[in-house]
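Structure first, then comments.
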Amino acid sequence: MEKFKFDETLQLKILTKSQVESMHEKALYVLENLGIIFAYEEALDLLEQAGCDVDRETQKVKFPRELVEKCITSAPSTFDLYDREGNFYCTFGDGKTRFNPGSSASNVLESDGDTVRLSNVKDLKLLTKVAQSLPHIDFVSSSIVCEEAPGELGSQYLYYTEMQNSIKPIIGGATDAAGVPRTFKLLTAVLGSEENVRKKPYTIFDICVTSPLKWSHIGARNIIDCARMDIPINLISAQIAGATGPITLAGCILNHTVEILAGLVLAQVTKPGHPVSYGGAPCIFNMKTMYTPMEAMECSMITAAYSQMGHYYGLPVHTYAAMSDAKIVDYQAGSETARSGLMAMMAGCSNVSGPGGLNVIAEMSIEKLVIDNDYIGTLKHLEKGIRFDETTLAADLLLEVGSGGNFMTQKHTLKNYKKEHNYSNITMNYQERAAWAKEGKPTIMDKARAYVEDIDKQTICPLSEDQRKTLDAAFIEVCADAGLSEDVAKDLIKKYDEA
């Protein structure tokens, strides 16, 4: 992907070429004249050594234009990801859109579709197994904040659980300053060596800026640690339009650009060429309800615009979409999931986090994840486009069948129907009414619930006995690093096993 080039390909565009270029110029102006706070001394050291103007008292950093553009140029346009077994999985940023469940939900919507409760390790274990089983969910993620996990442990209990129930790459992160080196220990235990962790990336680390215009101690250290440990980074701006960002959409996009470019510079001055994804989780502040929706149309518009900026910089793009602000799986949930997911794909996002998510990603529904998988299957079918060659045009077949003929008995139909139409469906109803009634009139939630119940009974992708022993030992060590006793660590392992 070229740098500083307006993408002329057919995709959703909400900004013109001149607006993209103007946004870039304004971002450089803000970075050079206002700057952004980095609340971490080592970050200030690195940025100052790279030529930034650093005020130690305010922790504010101003960036010279030349440095920002040099760092944009040094960041790669694509990078490879591997699965838990060390096999090549995909090239991130290759033009395809990939999906993973939403992240960091504190609550779960139970299978009855109505009851909401705190999430636990059993939920994460099941959700990860379901995500592994679904053909159109590409990555697993730290989708549920287990109530059993001590606050001191950050997200390491989530990685511990996910790695045992899926081989798909993990979209993760940390809530603590020491989260990266601790996670590195767990990754090393499962992948077999530090070299494997570094050379065959199995996770992308989400790192969020504190809007407006501040990289916290945790965020800044996570960026530096990831760069030094060769863990790809997804930089995320989760500003709220009208609260932690300007009320105007253009102002939000500018704020987003400034925040992400500042984080990008820190990553590149730490290690030039380190892989970085241009991410976001835009919200708006609804002045009528005092609520902060993530799936209002304005959020999708911001996503489409910052996607253009990411493409202009030649970077992979991430967003939160294919989820809903609804509280149950209803019409709102379906329409918001469909619209935002389609817009994200049409905007060229490399990665979409959100399937299964409800209520500003505060809640996860495992059944909705199954339903969302079916919808994502239709998006991926669209993404493949129309096959166009002599065989698919079927001109000779038209001559053969002729007016008033029938194509059902043709070999051409038998040979091509699975290639042309999408049949990867678990829950959606494509029957005529009588057949549906004969089956008992199952709802989409009924089918999703049955699928989840079936997966719950299965053992999926277990670690080998040796891997499990090594992971348990590393987990106990990580708990000790966090100030937790060995008894606490073993109790968490027991709770996982009993879940």
Side-chain angles (χ1 to χ4, degrees), residues 12 96-105 107-111 113-114 116 127 130-131 134-141 143-144 171 238 279-284 286 291-304 307 317-383 422 424-430 443-449 451-452:
L12 176 62
K96 295 182 179 179
T97 301
R98 296 180 173 88
F99 295 80
N100 63 270
S103 62
S104 302
N107 298 319
V108 164
L109 180 68
E110 290 194 342
S111 60
D114 182 62
V116 175
L127 189 147
V130 170
L134 294 172
H136 303 304
I137 300 299
D138 302 284
F139 310 126
V140 298
S141 59
S143 46
I144 288 172
I171 309 298
C283 300
I284 65 167
N286 187 304
Y291 184 69
T292 57
M294 292 181 72
E295 291 303 341
M297 175 58 81
E298 295 86 352
C299 302
S300 294
M301 293 167 71
I302 293 170
T303 287
S307 295
V317 176
H318 157 277
T319 196
Y320 275 80
M323 58 185 184
S324 176
D325 295 311
K327 312 306 177 285
I328 59 174
V329 182
D330 58 4
Y331 180 87
Q332 180 184 347
S335 64
E336 289 179 345
T337 298
R339 183 255 301 149
S340 65
L342 178 61
M343 287 183 69
M345 189 187 79
M346 296 302 291
C349 291
S350 303
N351 180 212
V352 175
S353 300
L358 294 164
N359 190 20
V360 199
I361 215 65
E363 297 162 12
M364 284 294 294
S365 164
I366 303 177
E367 287 73 25
K368 183 179 183 294
L369 179 64
V370 178
I371 298 167
D372 291 347
N373 168 81
D374 284 353
Y375 170 65
I376 293 166
T378 68
L379 290 183
K380 291 186 175 183
H381 193 67
L382 169 64
E383 186 178 44
N422 174 34
S424 61
N425 179 59
I426 297 170
T427 64
M428 294 188 183
N429 189 340
Y430 297 117
T443 66
I444 196 167
M445 279 292 285
D446 290 335
K447 291 183 177 181
R449 191 180 299 112
Y451 182 88
V452 172

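All values below come from the heavy atoms of this structure, side chains included, with hydrogens, waters and symmetry mates left out. What you see is a predicted model, and the numbers here were worked out from it, not measured in a lab.
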Rounded to the nearest 0.5 Å, what separation is found between the [atom1] atom of [X] and the [atom2] atom of [Y]?
X	Y	atom1	atom2	result
Leu134	Ile371	CG	CD1	11.0 Å
Ser324	Asn359	OG	CG	9.0 Å
Lys327	Leu109	NZ	CG	11.5 Å
Glu298	Cys283	CD	SG	12.0 Å
Tyr451	Leu369	OH	CG	9.5 Å
Cys299	Tyr320	SG	OH	13.5 Å

[X] and [Y]: which non-hydrogen atoms are nearest, and at how many Å?
X	Y	answer
Cys349	Ser307	SG-OG, 3.4 Å
Met428	Lys447	O-NZ, 3.8 Å
Pro101	Met364	CB-CE, 4.0 Å
Ala333	Leu358	CB-CD2, 4.2 Å
Gly280	Pro282	C-CD, 3.6 Å
Ser141	Gly102	OG-O, 3.4 Å

Treating [X] as the side-chain partner and [Y] as the backbone partner, does any N or O pair qualify as donor plus acceptor under 3.5 Å?
X	Y	result
Glu367	Gly113	no
Ser350	Thr97	no
Asp372	Gly356	yes
Asp374	Asn425	no
Thr319	Ala321	no
Tyr375	Ala338	yes
Ser340	Ser300	no
Asn107	Val116	no

Student check: side-chain heavy atoms of [X] and [Y] closer than 4.5 Å:
X	Y	answer
Ile137	Ile376	yes
Asn373	Pro135	yes
His136	Phe99	no
Ser365	Val329	yes
His318	Ile171	no
Ile361	Ser104	no
Asp325	Glu336	yes
Met297	Arg339	yes

Notebook entry, point to check: side chain to side chain contact (heavy atoms under 4.5 Å, CB included) between Met343 and Leu12: does it pass, once the steps are laid out?
Noted result: CA-CA 7 Å; Met343 287 183 69; Leu12 176 62; 3.9 Å; yes
Check: Does a donor on one side chain sit under 3.5 Å from an acceptor on the other, for Thr337 and Lys368?
Finding: yes
Item checked: Sidechain N-carboxylate O distance under 4.0 Å for Lys380, Asp138 -> yes
Next item on the list: Check the pair Leu342 / Leu379 against side chain to side chain contact (heavy atoms under 4.5 Å, CB included), numbers first and verdict last.
Entry: CA-CA 7 Å; Leu342 178 61; Leu379 290 183; 3.8 Å; yes
Note to self: Does Ser111 form a side chain to side chain contact (heavy atoms under 4.5 Å, CB included) with Val452? I'd like the steps, not just the answer.
What the structure shows: CA-CA 9 Å; Ser111 60; Val452 172; over 6 Å; no
